[in-house]
Protein chains: 2
Amino acid sequence: MVDVRLPRAEQVKVRPAGTEELTTRDRIVEVAARLFHQYGYHATTMRQIAGGVGIKAASLYNHFASKQELLTTISYGTMCEMLASVQTALAGVRDPGEQLRAFVRAHTTYCIAERYRARVADELRDLDPENLLDVVAMRDRYEAVLRGILAALDASSGGAVGDVTLVANAIGTMASQVSTWYRDDGRLSPDEIADVYAALALGAALAGVSQSGARARPR
Amino acid sequence: MVDVRLPRAEQVKVRPAGTEELTTRDRIVEVAARLFHQYGYHATTMRQIAGGVGIKAASLYNHFASKQELLTTISYGTMCEMLASVQTALAGVRDPGEQLRAFVRAHTTYCIAERYRARVADELRDLDPENLLDVVAMRDRYEAVLRGILAALDASSGGAVGDVTLVANAIGTMASQVSTWYRDDGRLSPDEIADVYAALALGAALAGVSQSGARARPR
DNA sequence: CCTACCGATCGGTAGG
DNA sequence: CCTACCGATCGGTAGG
């Protein structure tokens with residue numbers, strides 16, 4: 001297993017607006033995430049990454065043992081941040097419907113704010129098997145949170161959700177894909193998009209009951 | 001613009017179960033789609049594709065001028081097939097709600113049946129600019145169909161859908177992502193998944209009205 | 001559809 | 001963090 005030397009999720013700081021204050025290591029991660037997103041892992045060269053940071057390719061190896069370790073750092077770190085962000089958003093929220101809203105809102109907001117990282121982390125194809133294990137484990141924890149919320153929603157609504165795993169996949173992938181179409185010059189702000197997505201997710205999760213009218217919908 | 005020599009969408013035939021009857025050209029497309037999906041465009045080599053077909057790498061160039069033309073053929077052909085499949089599914093359907101169900105069911109079914117092609121076509125990053133134009137044009141036609149359905153649904157439901165473009169993006173990406181998590185040994189059949197997805201999409205599209213009691217969303 | 005081959009470029013290393 | 005460099009491998013071509 002590669003040592004990705006990540007800070008614990010709780011300690012991750014918000015990045016400052018400028019890049020002047022970042023360490024070289026953090027700037028490498030930033031540039032690499034952007035390039036991996038734009039061209040893909042294999043189409044991005046270490047020379048491109050180095051150029052974006054303002055150093056030579058060989059110097060990258062003072063910070064990362066390999067291109068693969070760089071990818072792992074981005075993917076694993078992003079997964080940790082995503083998990084931390086929804087956990088924060090869920091703190092103190094009891095109602096399953098409100099939990100789903102909070103989850104989707106936090107997830108959507110993160111996928112927009114950190115859209116390059118989010119895209120890279122969503123693409124597990126280029127990770128070596130041993131690194132893949134760690135990232136997938138973190139992703140599973142993330143998905144388990146969503147499934148838990150949907151299971152609670154299902155129980156409190158008399159089985160309105162139905163297939164919890166399937167609905168979790170549908171809602172999870174839907175929200176993750178915001179990062180593929182979001183544009184900075186779009187009509188809606190990230191917060192507005194996140195609110196709509198939260199409503200869409202709740203509507204989808206309760207679709208069975210709200211459409212068939214066969215069962216009472218909880219308030 | 002690369003000549004991708006595609007049959008018109010209406011003429012596309014259902015592939016037979018075995019691969020013995022396919023032409024070498026079609027087998028190359030089949031193998032390439034599978035490998036591009038599994039490893040990515042840049043991580044797949046012409047030698048791998050040739051090996052999968054049972055010929056040598058140089059022989060591929062009797063069928064395709066370049067690796068890029070092969071990718072374009074897959075992406076553009078898949079987009080044409082997807083468009084044709086939803087158009088067939090929509091034939092004669094008048095009710096906007098039923099149109100949405102038919103659209104999502106057809107799209108989901110296609111994304112499962114042709115999941116390798118669907119994944120490759122969903123990834124536009126590796127297409128050269130001139131080829132990208134053609135594929136994006138076809139994708140835009142596809143999305144316009146969905147937006148049209150949602151606009152009709154919005155009109156017939158007193159503005160329940162709200163932001164048609166946003167909802168179209170959400171539903172479209174959700175359904176496309178089935179191909180990322182579908183497993184042949186899963187509990188549900190493709191048809192069952194497609195039915196659930198159709199219900200989820202309708203629930204999401206009408207989420208505003210079903211959750212807030214017909215309160216119009218701010219435009 | 002094959003063998004033989006090539007220029008370009010890649011990830012990574014040596015050594016300072 | 002740099003210059004200099006290398007083995008491996010890639011997409012593609014020549015010529016049959």
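Letters go in sequence order (proteins before strands), and every chain restarts at 1. The structure displayed is predicted, hence computed values, not measured ones.
Checking dT9(D) for Watson-Crick or G-U wobble geometry (two distances, each under 3.5 Å) identifies dA8(C) as its partner. Across the strands present, dC1(D) finds its partner in dG16(C); the criterion is a Watson-Crick or G-U wobble pair with both atom distances under 3.5 angstrom.
Here dG11(D) is the nucleotide among dG11(D), dC10(C), dC2(D) with the atom lying nearest to any side-chain atom of Tyr61(B). The listed nucleotides are dG12(D), dT3(C), dG12(C); the one nearest the side chain of Ser66(B) is dG12(D). Out of dG11(D), dT3(C), dG12(C), the shortest distance to the side chain of Arg47(B) is found at dG11(D). Across dG11(D), dA4(D), dG12(C), the shortest atom-to-atom separation from the side chain of Lys67(A) is found for dG12(C).
Under the 30°/60° scheme for interplanar angles, the aromatic rings of Phe36(A) and Tyr41(A) are found to stand perpendicular.
In this structure, CZ of Phe64(A) is placed 12 Å from P of dC1(D), rounded to the nearest angstrom. For the pair His42(A) NE2 and dT9(C) P, the interatomic distance rounds to 18 Å; values are reported in whole Å. The distance from atom CD1 of Ile28(B) to atom C1' of dG11(D) is 15 Å, rounded to the nearest whole Å. Distance, Gln48(B) CD to dG11(D) C1': 13 Å, rounded to whole Å. In this entry the distance linking CG of Asn62(B) with P of dT3(C) reads 14 Å, nearest Å. Lys56(B) has its NZ atom 11 Å from the P atom of dA4(C), to the nearest Å. Atom-to-atom, CG of Leu60(B) to P of dC10(D) comes out at 13 Å; the value is rounded to the nearest Å. Met46(B) places its CE atom 16 Å from the C1' atom of dC2(C), with the value rounded to the nearest Å.
Distances shown here put a side-chain N or O of His63(A) below 4.0 Å from the OP1 or OP2 atom of dC1(D). Remark: Thr24(B) is in phosphate contact with dC1(C), judged by side-chain N or O atoms under 4.0 Å from OP1 or OP2.
Listed for the Arg119(A) side chain is no donor-acceptor partner under 3.5 Å among the backbone atoms of His37(A).
His107(A) and Tyr197(A) have their aromatic ring centers separated by at least 6.0 angstrom.
The structure places CG of Leu100(A) at 8.0 Å from CG of Leu206(A), a figure rounded to the nearest 0.5 Å.
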Side chain to side chain contact (heavy atoms under 4.5 Å, CB included), that's the test. Do Met79(B) and Tyr142(B) meet it? Break it down for me. CA-CA 8 Å; Met79(B) 282 294 175; Tyr142(B) 191 78; 5.5 Å; no
